[in-house]
Amino acid sequence: MSRKILALSGGVGGAKLAAGLDAVLPAGELTIVCNTADDFEHLGLHVSPDLDSVLYALAGLNDTDRGWGRADEGWRFMEAIGQLGGEDWFNLGDRDLATHVQRTLRLRDGATLSQVTDELRTALGIRSQLLPMSDDPVRTIIETKDSGDLAFQHYFVRDRCAPPVRGFRFDGAAAASCSTGFRRALDDEALEAIVVCPSNPFVSVDPILAVPGVREALRSAVAPVIAVSPIVGGQALKGPAAKMMEELGLPTSALSVAEYYGARQGGGLLDGFVLDRVDADDRSEVEAVVPQVLVADTVMSDAAVRRSLAQDCLEFASTLR
């Protein structure tokens, strides 16, 4: 019986480690579950930004310079929609547009988001399983101090993360169900590790944990749960995590992330925490929160580092079983 590895991922940062895990694991061993609370309807299309970031990264189609979307992209559609007075604040590239059109058509045919995602990953030759956290709609709402409640993409893209945040909520989460594939992965007796990718704890990982039963399943899992810090040297490598932490009154540090997730023996989630070498001096403080800590190179600047970090995570998890 082959081993199974489960990864929980948001968008760009999580997609890098997901791609590294996919590269070092045999086909069929890895299941990646993505946050779908960033999903929204735009220009009549169902857009799944985090799923697509992972989809493109695993297929080798992602734009590594921009950090999002497809490589070798064109923007003639966006130019045309803008000329017609349409909403052009959220960029949909010409190649990327095909993904959203196909997803929307299949959803309108009655397919679930899990089914559509599996069709897309198969068409792009991806070996690992890729799943939404739920087939039910969950939507992140950013509660801001000055601009009221904002849908995530309005905050993140349209308003460029400018409004100060005071909290978050996940509309629809209480009524949502874990996707069937996600539930199956959590219950698999061959599961040997659960890796929380270096994604934003508040708006990428928390929505997954907000789906009823997920947090409890992670706490009761026999497999060790490890997380890779998305904060390195007091900064988020991508996205607004550090800014959000400051506005919430939290220290912008890897230690703060470890405290946020917590250790399983204290009622939290983690058995282990991966810290970047830049933050090695903080190891003893982090170990007071999550006793098992790995110091590694976590800044995934190229494919070799992604694979190396993935291997480090797998070896670290094996010592915790």
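Model, not experiment: these values are computed from the prediction.
Between Arg106 and Glu119, at least one side-chain nitrogen of the basic residue sits less than 4.0 Å from a carboxylate oxygen of the acidic one, meeting the salt-bridge criterion. Of the charged side-chain nitrogens involved, at least one lies within less than 4.0 Å of a carboxylate oxygen, so that Asp149 and Arg169 count as a salt-bridged pair. A salt bridge does not link Lys4 to Asp188: none of the charged nitrogens lies less than 4.0 Å from a carboxylate oxygen. With salt bridges taken as basic N to acidic carboxylate O contacts below 4.0 Å, none links Asp63 and Arg70.
Distance alone, capped at 3.5 Å, places no donor-acceptor pair between the Lys243 side chain and the Val165 backbone. At least one donor-acceptor pair under 3.5 Å links the side chain of Asn200 to the backbone N or O of Phe202. Here the side chain of Asn62 pairs no donor or acceptor atom with the backbone of Ala71 at under 3.5 angstrom. At distances below 3.5 Å, not a single donor-acceptor pair connects side-chain atoms of Asp276 with backbone N or O atoms of Asp279. In this structure, the side chain of Arg264 does not engage the main chain of Asp271 through any donor-acceptor pair within 3.5 Å. Listed for the Glu285 side chain is no donor-acceptor partner under 3.5 Å among the backbone atoms of Asp282. With hydrogens and angles disregarded, a donor-acceptor distance shorter than 3.5 Å links the side chain of Ser318 to the backbone of Glu315. Judged purely by atom type and a 3.5 angstrom limit, Thr319 uses its side chain to pair as donor or acceptor with the backbone of Phe316. The closest donor-acceptor contact from the side chain of Gln235 to the backbone of Ala242 lies at 3.5 Å or more, if one exists at all. Proximity of a side-chain donor or acceptor of Glu143 to a complementary backbone N or O of Gly148 within less than 3.5 Å is not detected.
Residues Ser48 and His100 form no side-chain contact, since every pair of their non-hydrogen atoms from C-beta on lies 4.5 Å or further apart. Between Leu92 and Leu43, the closest side-chain pair of non-hydrogen atoms falls below 4.5 Å. Under the 4.5 Å side-chain criterion, counting only non-hydrogen atoms from C-beta, Gln311 is not in contact with Ser308. Between Leu6 and Val195 there is no side-chain heavy-atom pair separated by less than 4.5 Å. Considering only heavy atoms from C-beta on, Gln129 comes within 4.5 Å of Asp118 through its side chain. Two residues are said to be in side-chain contact when any heavy atoms from C-beta on lie closer than 4.5 Å; Val12 and Asp50 fail this criterion. Inter-residue side-chain proximity for Cys34 and Leu130 is flagged as met; some heavy-atom pair is nearer than 4.5 Å. Using a 4.5 Å cut-off on side-chain heavy atoms (C-beta onward), Met245 and Pro201 make no contact.
Residue Leu150 comes nearest to Ser147 through the heavy atom pair CD2-O, 4.0 Å, listed as atom of the first residue, atom of the second, then distance. In terms of heavy-atom proximity, Arg95 sits nearest to Asp72 at NE-O, 2.7 Å. For Thr104 against Gly44, the heavy-atom pair with the smallest separation is CG2-O, 3.7 Å. Nearest heavy atom pair, residue Ala18 against residue Ile32, reads CB-CD1, 3.9 Å. Nearest heavy-atom pair, Pro207 versus Thr140, reported as atom, atom and distance to 0.1 Å: CG-OG1, 3.8 Å. When all heavy atoms of Pro164 and Asp146 are compared, the pair lying nearest together is CD-OD2, 3.6 Å.
Considering OG of Ser256 and CD1 of Ile231, their distance stands at 8.5 Å, rounded to 0.5 Å. Taken from CG in Leu255 to OG in Ser229, the straight-line distance is 9.5 Å, to the nearest 0.5 Å. The CG atom of Leu58 sits 10.0 Å away from atom CG of Leu124, with the distance rounded to the nearest 0.5 Å. Thr144 contributes atom OG1, which lies 9.5 Å from atom CD of Glu247 (distance to the nearest 0.5 angstrom). Note that CD of Glu87 and CE of Met78 are 9.5 Å apart. Values are rounded to the nearest 0.5 Å. Atoms NZ and OG, from Lys238 and Ser53 in turn, are 10.0 Å apart once rounded to the nearest 0.5 Å.
Linking ILVMFWY residues whenever their side-chain heavy atoms come closer than 4.5 Å, directly or via other members, places Leu309 and Leu320 in the same cluster. In terms of hydrophobic clustering, with Ile, Leu, Val, Met, Phe, Trp and Tyr side chains grouped at heavy-atom distances under 4.5 Å, Leu55 and Val33 are assigned to different clusters. The hydrophobic cluster containing Val47 also contains Val203, counting ILVMFWY residues as joined when their side-chain heavy atoms lie under 4.5 angstrom apart, directly or transitively. Tracing side-chain contacts under 4.5 Å through hydrophobic residues (I, L, V, M, F, W, Y), one never reaches Val232 starting from Leu275; they form parts of separate clusters. Grouping the Ile, Leu, Val, Met, Phe, Trp and Tyr side chains by contacts below 4.5 angstrom, directly or via other members, places Ile208 with Phe156.
Ring planes of Phe40 and Trp89: tilted class, angle from 30 to 60°. Phe152 and Tyr155 have tilted rings, their planes meeting at an angle from 30° to 60° on a 0 to 90° scale.
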Residues Asp135, Ser179; criterion side chain to side chain donor-acceptor pair (under 3.5 Å); working and verdict: CA-CA 6 Å; Asp135 287 317; Ser179 66; 5.5 Å; no

Test log, rule side chain to side chain contact (heavy atoms under 4.5 Å, CB included), inputs Leu314 and Val24: CA-CA 10 Å; Leu314 294 172; Val24 302; 3.9 Å; yes

Taking it one step at a time, do Arg103 and Asp52 satisfy salt bridge (Lys or Arg N to Asp or Glu O under 4.0 Å)? CA-CA 11 Å; Arg103 176 186 292 117; Asp52 290 343; 2.4 Å; yes

Pair Val289-Tyr260, side chain to side chain contact (heavy atoms under 4.5 Å, CB included): steps then yes or no: CA-CA 10 Å; Val289 179; Tyr260 189 76; over 6 Å; no

Between Val196 and Val205, is a side chain to side chain contact (heavy atoms under 4.5 Å, CB included) present by the stated rule, with each step listed? CA-CA 8 Å; Val196 181; Val205 179; 3.9 Å; yes

Decide salt bridge (Lys or Arg N to Asp or Glu O under 4.0 Å) for Arg183 and Asp187; before the verdict, give the C-alpha distance in whole Å, the side-chain angles of both, and the deciding distance to 0.1 Å. CA-CA 6 Å; Arg183 183 76 257 177; Asp187 293 340; 3.0 Å; yes

What's the verdict on side chain to side chain contact (heavy atoms under 4.5 Å, CB included) for Asp312 and Val274, showing C-alpha distance, side-chain angles and the deciding distance? CA-CA 9 Å; Asp312 287 343; Val274 183; over 6 Å; no

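Counting heavy atoms of neighbouring residues, nucleotides and ligands inside a 6.0 Å radius, atom CZ of Arg76 does not exceed 12 of them.
Judged purely by distance below 3.5 Å, without hydrogens or angles, the side chains of Asn35 and Ser204 never pair a donor atom with an acceptor atom. Remark: the His46 side chain and the Asp39 side chain contain an N/O donor-acceptor pair separated by less than 3.5 Å.
Among Thr117, Val116, Thr112, the one residue that satisfies the side chain to side chain contact (heavy atoms under 4.5 Å, CB included) test with Pro132 is Thr117. Paired with Asp22 under the rule side chain to side chain contact (heavy atoms under 4.5 Å, CB included), one option of Val54, Ile5, Leu17, Leu30 passes, and it is Leu30.
The six-membered or imidazole ring of Tyr261 lies away from that of Phe273, with a centre-to-centre distance of 6.0 Å or more.
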